[in-house]
Amino acid sequence: MDSAHASYLGLLNHAQRQAVEHPPAVPLQILAGPGSGKTKVLTSRIAHLILHHGLPPSSICAVTFTNKAAKEMRTRLQTLLGKDRVGELKMGTFHSLCARFLRKYAHTIGLSDNFSICDADEAKKIMTQLLKKYRELLAKKDMTIREGLVMSKISQAKAKGITHINFLEEVVRKYQGVSLEDMNPLELQEKITAEVYQEYETLLRKNNALDFDDLLVYGVKMFKEWRAAVAWCQHILVDEFQDTNIIQYDLMRTIAHKGCVTIVGDPDQSIYGWRSAEIENLNKMKRNFPGTCEVLLEENYRSTSAVLRLSLAIIAEDKNRIQKSLHTSHPAGKTPTLRSCSTETNEAAFIAVEIKRLVAYTGGLLQFEDFAILLRFNALSRVIESSLQKEGIPCRILGGHRFFERLEVKDLLAYLQVVDNPDFYPAFIRAVNTPSRGVGEKTLLEIASKAEQCRISHLAFIERIFDGTAPDIKPPAKRKISSFVQTIRALRDLAQKKSSAADIIQQLIKAIDYKEYLKRTQNDWESRWANVQELINFATEVTTDAQNRNAASSETPLRFFLQASSLSSEGDNDGTDATNNKVTIATCHAAKGLEWPVVMIPSVEEGTFPFARNDDVEEERRLLYVACTRAKGLLFLTHTCRRMIAGQQKDVDRSSFVENVISKYPVKLSLSIII
DNA sequence: GAAGCCAAACTTTTT
DNA sequence: GTTTGGCTTC
């Protein structure tokens with residue numbers, strides 16, 4: 001044990017060591033600035049809990065912000081603990097943790113264990129349907145209501161633990177005696193949201209589906225009502241605590257065993273307020289867990305002091321922030337560059353040429369994979385991508401068009417979802433006519449009403465037609481749906497036999513001749529076909545992962561795969577891509593927790609930083625701070641004077657975030673301004 | 001009744 | 001650039 005001690009404790013500085021050795025039963029907050037080694041502290045603390053305090057690995061729960069972060073921690077812990085023990089640790093996002101236990105204990109709160117996870121896309125489509133009946137009323141008032149807005153209101157409500165019943169009651173009370181006609185647009189919007197929230201919930205339950213927020217809502221419910229589900233927990237660690245919302249906090253409290261709680265966070269890096277994250281949770285924890293101690297990690301091991309100074313100058317402008325320091329023993333390094341460009345095309349060209357120049361100038365010491373371009377939003381990537389392409393610079397886009405949202409992936413997943421959960425209508429509707437079988441809107445409506453009458457799923461109903469146990473419907477559909485029913489049945493057989501997800505997908509592709517379908521309907525079928533192959537790779541990887549982790553064997557491999565694909569933040573192709581030597585393009589949000597030798601941030605302008613549609617200016621400032629602190633050595637901020645915004649050329653000013661910094665620290669920062 | 005084609009509108013951040 | 005909606009053709 002002592003040699004193991006030396007291996008991880010010896011590598012820590014004083015504050016880090018204090019955090020790791022902090023008594024397990026005393027609640028702990030680790031406030032960790034960027035690059036202060038928080039992952040190292042977290043993994044070391046987990047190792048310490050096991051090796052020094054003798055906690056069984058299976059009694060420790062570590063919650064990360066993304067599944068990728070969990071994976072990273074797993075890898076790091078394997079050298080300290082070995083594969084077996086790491087496999088027993090309960091690690092993942094709040095969502096994946098809930099999903100995992102809901103599968104096991106669904107029955108305790110009246111759910112079926114084969115529930116589907118409804119993604120944002122599907123939820124939005126459902127909402128569009130539900131909002132249709134309000135169209136006329138809204139048109140009369142000369143207003144429209146966007147499903148995205150309603151969904152975010154519902155999501156916010158769920159994040160605060162407000163059920164559709166609470167929501168509706170509140171609205172009814174508020175607008176008692178006011179008719180729809182007399183309401184102003186905002187009131188009407190609230191009223192409609194309340195009504196639709198209710199219908200949305202009913203519909204999801206009928207579909208045997210949970211949306212992302214439901215995973216947390218029902219997770220809390222289950223853990224509260226079925227305490228046996230958390231009997232294993234002796235310590236919970238939560239990473240990125242500044243970005244947890246109310247229900248996630250509630251979840252943490254529910255799972256936590258007495259005071260055995262460790263959280264890691266940094267108020268300065270709170271960038272998910274729009275997802276109902278509450279910095280207040282830090283204070284709440286101090287109240288709810290008496291005796292909570294605090295350890296500050298203030299030494300930055302990532303960046304040069306020049307990068308750090310600029311970053312700190314930016315964040316210091318937030319007058320309400322909790323004062324913290326961050327220092328580094330690294331040398332000053334190169335002064336960050338602030339570059340003005342006339343147009344976005346010039347800006348993109350500058351970025352591309354500069355990358356090429358630096359690679360050549362350093363004689364290959366810097367490679368493409370050492371560069372990251374961090375954007376406020378994805379749409380900014382277009383010009384930059386094409387300019388990189390022009391210069392022959394390879395790039396990868398982190399979380400741009402997300403892998404599991406591609407149509408070819410969704411098509412195949414729809415079939416698998418139907419196989420696992422026939423009640424999940426969004427999947428049924430997609431699969432039944434892909435490839436086109438001549439089953440259109442009218443036919444589907446007829447199927448829906450007949451299925452409703454028999455109180456069975458749509459799939460079960462067309463199976464009856466196929467078997468001849470129910471009469472065919474008005475536009476004869478028996479012939480059209482027969483290949484579909486046969487395919488589903490074949491896949492269902494495979495699933496029940498516990499075939500691997502990869503095998504099932506292969507069979508599916510063959511059965512519906514999906515490659516031919518892609519060729520026929522998509523110009524870029526080749527890259528789409530490559531994604532299909534990637535999906536199969538993902539399925540194989542997930543299966544091996546599950547085997548390594550001795551996952552519950554009662555579950556079919558298919559269900560395990562479906563869950564992994566719903567909750568996966570991005571294609572797990574980053575492992576292969578990293579070795580491909582490519583420039584990374586990512587949003588600032590997606591860059592959280594990552595680092596690169598060179599970081600470039602375009603569009604440092606009013607309207608982008610801060611983004612025009614975010615009322616919380618301080619959060620926007622923190623976002624720029626997060627982006628800047630990703631840089632180890634070189635940092636470039638660029639901005640233009642004119643930019644296309646939603647199809648219109650507009651004059652734009654340099655971001656006030658840097659404007660203030662330049663005027664207040666002109667000498668210290670000495671940004672090289674090249675025009 | 002379904003599918004395919006063209007014009008128009010819309011673009012924050014994500015589990 | 002991408003998705004949606006309306007229109008025409010099969």
Side-chain angles (χ1 to χ4, degrees), chain A residues 63-70 92-99 117-121 123-125 128 144 146-149 151-152 155 158-159 210-216 219 240 243-245 247-248 251 270-277 374-383 385-386 398-402 404-407 433-446 473-477 480 520-521 524 563-570 586-592 603 607-616 619-620 622-624 626-627 644-648:
Chain A
V63 183
T64 53
F65 195 71
T66 60
N67 286 304
K68 198 168 137 202
T93 60
F94 276 116
H95 292 85
S96 69
L97 195 73
C98 285
I117 297 167
C118 183
D119 70 23
D121 238 40
K124 223 171 155 183
K125 276 180 194 155
T128 311
T144 53
R146 279 199 310 263
E147 59 283 346
L149 187 85
M151 280 313 304
S152 78
S155 178
K158 287 186 180 180
L210 300 180
D211 67 17
F212 284 123
D213 301 303
D214 285 339
L215 288 174
L216 307 180
E240 307 283 8
D243 286 323
T244 53
N245 59 32
I247 196 156
Q248 288 169 332
L251 201 51
S270 159
I271 53 176
Y272 281 87
W274 52 275
R275 227 171 73 182
S276 310
L374 303 183
L375 314 171
R376 178 59 187 83
F377 48 91
N378 284 310
L380 289 172
S381 74
R382 218 174 298 147
V383 200
E385 272 177 72
S386 61
L398 215 79
H401 196 93
R402 309 187 84 71
F404 290 98
E405 274 156 31
R406 292 166 191 276
L407 96 110
N433 205 31
T434 308
S436 322
R437 298 187 173 91
V439 181
E441 206 185 345
K442 287 287 151 73
T443 310
L444 281 169
L445 263 160
E446 187 66 17
I473 48 177
K474 259 192 271 159
K480 293 174 177 171
R520 204 168 66 238
T521 55
D524 55 344
Q563 178 155 315
S565 59
S566 305
L567 298 176
S568 160
S569 27
E570 65 218 63
T587 61
C588 299
H589 284 88
K592 179 160 136 167
S603 193
T608 307
F609 287 103
F611 188 71
R613 283 171 59 181
N614 189 351
D615 297 328
D616 189 347
E619 178 161 299
E620 294 291 311
R622 292 192 294 269
L623 191 54
L624 185 60
V626 167
M644 274 281 253
I645 297 162
Q648 290 214 312

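Residue numbers start from 1 in every chain, and the chains themselves are labelled A, B, ... in the order their sequence lines are given, proteins ahead of strands. The analysis underlying the following values was restricted to heavy atoms, covering all of them including side chains, and did not include hydrogens, waters or symmetry mates. Just so it is clear, the structure is predicted and the values come from calculations on it, not from any experiment.
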Distance in angstrom units between [X] [atom1] and [N] [atom2], rounded:
X: M151(A); N: dT12(B); atom1: CE; atom2: C1'; answer: 17 Å
X: E405(A); N: dT3(C); atom1: CD; atom2: C1'; answer: 14 Å
X: L251(A); N: dT15(B); atom1: CG; atom2: C1'; answer: 13 Å
X: F404(A); N: dT14(B); atom1: CZ; atom2: P; answer: 16 Å
X: Q248(A); N: dT14(B); atom1: CD; atom2: C1'; answer: 11 Å

With respect to the phosphate group of dT13(B), does any side-chain polar atom (N or O) of N378(A) fall under 4.0 Å of OP1 or OP2? yes
State which residues pass ring-ring contact (aromatic ring centres under 6.0 Å, His included) with Y272(A); sequence neighbours excluded, sorted by chain then number. F65(A), W274(A), H589(A)
Considering all heavy atoms of both residues, which atom of [X] and which atom of [Y] are nearest to each other, and what is their separation?
X: L567(A); Y: N67(A); result: O-ND2, 2.8 Å
X: N433(A); Y: V439(A); result: ND2-O, 3.0 Å
X: R622(A); Y: S270(A); result: NE-O, 2.7 Å

Looking at every strand, decide which applies to Y272(A) at a 4.0 Å heavy-atom threshold: base, sugar-phosphate, or nothing. sugar-phosphate
Nearest 0.5 angstrom please: K124(A) NZ to D119(A) CG, how far? 11.5 Å
Which value, rounded to the nearest 0.5 Å, describes the distance between N245(A) atom CG and D213(A) atom CG?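 One gets 8.0 Å once the value is rounded to the nearest 0.5 Å.
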To the side chain of [X], which of [options] is closest?
X: R382(A); options: dT14(B), dT12(B), dG1(C); answer: dG1(C)
X: R613(A); options: dT13(B), dT11(B), dT15(B); answer: dT11(B)
X: F212(A); options: dT15(B), dT12(B), dT14(B); answer: dT15(B)

Output one line per pair: protein atom, nucleotide atom from nucleotides 2-7 of chain B, and distance, for all N/O pairs under 3.5 Å.
{"residue": "dA2(B)", "atom": "OP1", "partner": "G440(A)", "partner atom": "N", "Å": "2.9"}
{"residue": "dA2(B)", "atom": "OP1", "partner": "T443(A)", "partner atom": "N", "Å": "3.4"}
{"residue": "dA2(B)", "atom": "OP1", "partner": "T443(A)", "partner atom": "OG1", "Å": "2.4"}
{"residue": "dA2(B)", "atom": "OP2", "partner": "E441(A)", "partner atom": "N", "Å": "3.4"}
{"residue": "dA2(B)", "atom": "OP2", "partner": "K442(A)", "partner atom": "N", "Å": "3.1"}
{"residue": "dA3(B)", "atom": "OP1", "partner": "G438(A)", "partner atom": "N", "Å": "3.0"}
{"residue": "dA3(B)", "atom": "OP2", "partner": "N433(A)", "partner atom": "ND2", "Å": "3.3"}

Along DNA chain B (nearest heavy atom to each residue), the more 5'-positioned of H95(A) and F611(A): F611(A)
